[in-house]
2 protein chains.
Amino acid sequence: MSAPDDRALEYVARYFKALAEPMRLKVLNALQDGEKNVGQLTEISGGSQANISKHLSLLTQYNLVERESRGTNVYYKIADPRVYDLCELVCGQIGNRMTLENDIKKMFVTTNHVR
Amino acid sequence: MSAPDDRALEYVARYFKALAEPMRLKVLNALQDGEKNVGQLTEISGGSQANISKHLSLLTQYNLVERESRGTNVYYKIADPRVYDLCELVCGQIGNRMTLENDIKKMFVTTNHVR
DNA sequence: ACACTATATAACTATACAATTATATAGTCA
DNA sequence: TGACTATATAATTGTATAGTTATATAGTGT
């Protein structure tokens, strides 16, 4: 029950920060249905190659995605699918008070998150 | 299943951003056991009065806390307790791969989150 | 009205970081 | 080897924001 120590707080804050950019959310969203390489993610997200690469680098550092190079391509996939539970929770909370409810709720809430 | 529109992504990112600062997490943590006024939160968090006030202002804007002034004091409380579920999820994910596991897990994981 | 307390805000500085452009690295195939 | 493709990184610029100090606002009691 004691106050969490500062190091722990920084870790958690860091994790949330990784999720605090629209472009990264778009990338994570694109990875919901399986791994994709940088080119695919660049096209889907509509960002520049350099920008997406940098975001992927950050997401990898923060352990949100995993990197695997095959041939001349590099494939990324979600490291822990519970990240989508986070997004669902946030969407739920925002949806509760926003007119955007429908737009938002269908974002990350796909078919089934096993748990 | 279509890509979430940009406005929705920005809302979600904004919400995560509110959670992406250690001092704000500290404040939210301090509010777990009920409302507190600015003076109390300032003391608990160890920040300056001005700084805490600014963070509270932001948390209010982003609808994470609710504000109620009574007399010369202003009391803040959690707007939606599901915010702690978010923190638990993050702690769980971090805890899974960090040595800090114990430190972190006991942070936001208190007695009972009704659901 | 005045003094006193609690909270908010303004002005400022320093830092973090998103996006861009240009370039480097690394793998593949001829 | 050299040409080609895919990805990463460096250098730069602009913007956002955390924290500080000083000041303003608002409520209370005399």
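Only this structure's heavy atoms are used, side chains among them; waters, hydrogens and symmetry mates stay out. In the text below, chain A, chain B and the rest are named by the order of the sequence lines, each starting its count at 1.
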Review point. Contact class for B:Tyr76 vs. all strands (heavy atom < 4.0 Å): base, sugar-phosphate, or nothing?
Key: sugar-phosphate
Review point. Do other residues, nucleotides or ligands put more than 12 heavy atoms under 6.0 Å from A:Glu43 CD?
Key: no
Value in whole Å for how far the [atom2] atom of [N] lies from [atom1] of [X]:
X	N	atom1	atom2	answer
A:Glu21	C:dA16	CD	C1'	11 Å
A:Ile52	C:dA18	CD1	P	12 Å
A:Glu68	C:dG27	CD	P	14 Å
B:Glu10	C:dA18	CD	P	14 Å
A:Asn73	C:dA26	CG	C1'	12 Å
B:Asn51	C:dA14	CG	P	17 Å
A:Arg67	C:dG27	CZ	C1'	12 Å

Practice item. State, yes or no, whether a side-chain contact exists between A:Leu9 and B:Lys26 at a heavy-atom distance under 4.5 Å. Key: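 Side-chain contact under 4.5 Å: yes.
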Point to revise | First of A:Met23 and A:Arg70 reached from the 5' end of DNA chain C, by closest nucleotide | key: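 It is A:Met23, whose closest nucleotide lies nearer the 5' terminus.
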Check your understanding: Between A:Thr72 and A:His55, who's closer to the 5' end of DNA chain C by nearest nucleotide?
Key ->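 Its nucleotide being nearer the 5' end, the pick is A:His55.
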Look at the side chain of [X] and the backbone N and O of [Y], then say whether any donor-acceptor pair between them is shorter than 3.5 Å.
X	Y	result
A:Arg67	A:Tyr75	no
A:Gln40	A:Asn37	yes
A:Lys36	A:Lys77	no
A:Ser57	A:Ser53	no

Check your understanding: According to a 4.5 Å side-chain heavy-atom criterion applied to Ile, Leu, Val, Met, Phe, Trp and Tyr, with indirect links allowed, do B:Tyr62 and B:Phe16 form part of one hydrophobic cluster?
Key ->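 Yes, same cluster.
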**Study point:** Boundaries of the DNA chain D segment in contact with chain A, non-hydrogen, under 4.0 Å
**Key:** D:dT5 to D:dT9
Practice item. Would you kindly compare A:Gln40 and B:Arg24 by the position of their nearest DNA chain D nucleotide and give the one closer to the 5′ end? Key: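 It is A:Gln40, whose closest nucleotide lies nearer the 5' terminus.
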Practice item. Compare side-chain N and O positions of A:Lys17 against OP1 and OP2 of C:dA16 and report whether any pair is under 4.0 Å apart. Key: no
